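I have placed the structure first, in the form of structure tokens, so that the comments after it can refer back to it.
Computed from a predicted model, the values in this text were never measured in an experiment. So you know, we letter chains A, B, ... as the sequences are listed, proteins then strands, and number each from 1.
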Amino acid sequence: MQISPSFYDSLSIVEATSIQKRLRENLNISSLKKEIHIIGGADISLNRFSEVIYAGIVLLDYQTLTPIAYSLIKSKTTFPYVPGYLAFREIPALMMALDQLELKPDIIMVDGHGIAHPRRMGIAAHFGTLVSIPTMGCAKKKLYGKYEEPPLLKGAYATLRAKDELLGFVLRTKDKVSPVFVSPGNNMDFDECLQIAKHCMGKYRLLEPTRRAHEHVNLFRTGQLKEGFHYINQQTLF
DNA sequence: GCGACAG
DNA sequence: ATCTTGTCGC
């Protein structure tokens with residue numbers, strides 16, 4: 001057997017929904033009270049119409065936002081993309097990428113939503129209930145909730161909410177670009193989520209952890225990087 | 001019944 | 001998500 005069969009692939013949407021409702025009981029949105037030295041960025045890449053998915057987690061030094069190492073895994077998924085159920089499609093592969101890490105990050109930023117989800121179980125929240133590392137989500141588009149457009153200045157933000165419940169934030173990561181949506185996944189609170197997101201803003205629209213993860217899984221899919229765990233050669237100038 | 005709808 | 005040229009704005 002080349003690829004581990006996934007339990008998630010056998011689920012129906014109805015079954016997936018009940019799993020989300022059950023996992024929601026395990027959510028813990030409270031301060032991580034821990035210093036962050038390494039942050040991980042998680043993302044997946046795939047060819048259209050293919051069941052093969054390329055997953056990756058890139059580790060960055062939190063202070064400098066410099067990539068330190070990365071884990072890449074090629075896997076398969078048959079669970080379809082259905083808004084609200086992204087976790088069932090991507091988590092099995094992300095779990096393999098995490099297991100393969102020889103160095104574990106203090107927190108992980110996942111490409112997708114945390115609790116900014118109809119049942120508060122976006123991929124980052126779901127992943128966070130399955131692993132021992134705090135998680136948060138950063139998505140490029142809204143899935144659930146309402147918000148007012150934040151000012152067009154980098155760093156400006158608005159709250160994302162459902163009824164009166166706070167779900168996350170809509171953050172302008174760069175002047176005059178569409179904002180990103182950040183929300184806690186598990187074992188982190190709202191303020192920390194926002195502070196971390198602001199800390200990770202670079203010169204691009206995407207936050208550095210997810211931007212680097214996206215970059216790496218794409219290089220992997222196109223054959224420019226190899227599967228496995230690799231430290232990044234910190235080349236010294238001169 | 002009609003929109004909205006992560007990747 | 002991925003494909004994909006030119007084009008508009010700063």
Neighbour count >12 (heavy atoms, 6.0 Å) for atom CD, A:Glu35: no

State yes or no: are the ring centers of A:Tyr204 and A:His214 separated by less than 6.0 Å? no

Over all heavy atoms of both residues, which pair between A:Leu171 and A:Ala197 is shortest? Give the atoms and the distance, please. CD2-CB, 3.8 Å

Is A:Ile36 close to A:Ile107 at the side-chain level, that is, under 4.5 Å between some pair of heavy atoms? yes

Can you tell if the side chain of A:Phe88 reaches within under 4.5 Å of the side chain of A:Ile19, non-hydrogen atoms only? yes

If you compare all heavy atoms of A:Phe127 against all heavy atoms of A:Ile91, which two are closest, and at what distance to 0.1 Å? N-CD1, 3.5 Å

Identify the heavy atoms of A:Arg120 and A:Ala125 that sit nearest to each other, and give their distance. O-CB, 3.7 Å

Looking only at non-hydrogen atoms, find the nearest pair between A:Pro209 and A:Leu60 and report the distance. CA-CD1, 3.9 Å

Only counting residues at least two apart or in another chain, list the ones meeting salt bridge (Lys or Arg N to Asp or Glu O under 4.0 Å) with A:Arg212. A:Glu208, A:Glu215

Inter- and intrachain pairs under salt bridge (Lys or Arg N to Asp or Glu O under 4.0 Å), touching residues 11-24 of chain A, at least two apart: none

Between the side chains of A:Thr17 and A:Tyr85, is a donor N or O closer than 3.5 angstrom to an acceptor N or O? yes

Can you list the stems that DNA chain B is part of, where a stem is at least 3 pairs in a row, each Watson-Crick or G-U, with both distances below 3.5 Å? none

Summary of salt bridge (Lys or Arg N to Asp or Glu O under 4.0 Å) pairs that have at least one residue in residues 87-111 of chain A, sequence neighbours excluded: A:Asp111-A:Lys140

For DNA chain C, the dot-bracket pattern of Watson-Crick and G-U pairs whose distances stay under 3.5 Å, | for other-strand partners: ..........

Per-nucleotide protein contact along nucleotides 1-7 of chain B, 5' to 3', at a 4.0 Å heavy-atom cut-off (B base, S sugar-phosphate only, - neither), is ----SBB

Output a table of donor-acceptor pairs, distance under 3.5 Å, between side-chain atoms of residues 141-154 of chain A and any protein atom two or more places apart or on a different chain; print 'none' if there are none.
from	atom 1	to	atom 2	distance (Å)
A:Lys142	NZ	A:Gly145	O	2.9
A:Glu149	OE2	A:Arg172	NH2	3.4
A:Lys154	NZ	A:Gly202	O	2.8

Enumerate the residue pairs fulfilling side chain to side chain donor-acceptor pair (under 3.5 Å) with a member in residues 55-67 of chain A, sequence neighbours excluded, ordered by first and then second residue. A:Asp61-A:Thr64, A:Thr64-A:Thr66

Contact span of DNA chain C against chain A, any nucleotide atom under 4.0 Å from a heavy atom, 5' to 3', runs C:dA1 to C:dC3

Pairs flagged by side chain to side chain donor-acceptor pair (under 3.5 Å) wherever residues 181-194 of chain A is involved - sequence neighbours left out: A:Asn28-A:Asn187, A:Ser31-A:Glu192, A:Asp191-A:Gln195

For DNA chain C, which residues in residues 166-205 of chain A have a heavy atom at a distance below 4.0 Å? none

Please list, in numerical order, the residues of residues 207-223 of chain A that have a heavy atom closer than 4.0 Å to any atom of DNA chain C. A:His214, A:Asn218, A:Arg221

Taking the six-membered ring where the residue is Trp, are the ring centres of A:Phe79 and A:Tyr81 under 6.0 Å apart? no

hydrophobic_cluster_shared for A:Leu167 and A:Val180, side chain cutoff 4.5 Å: no

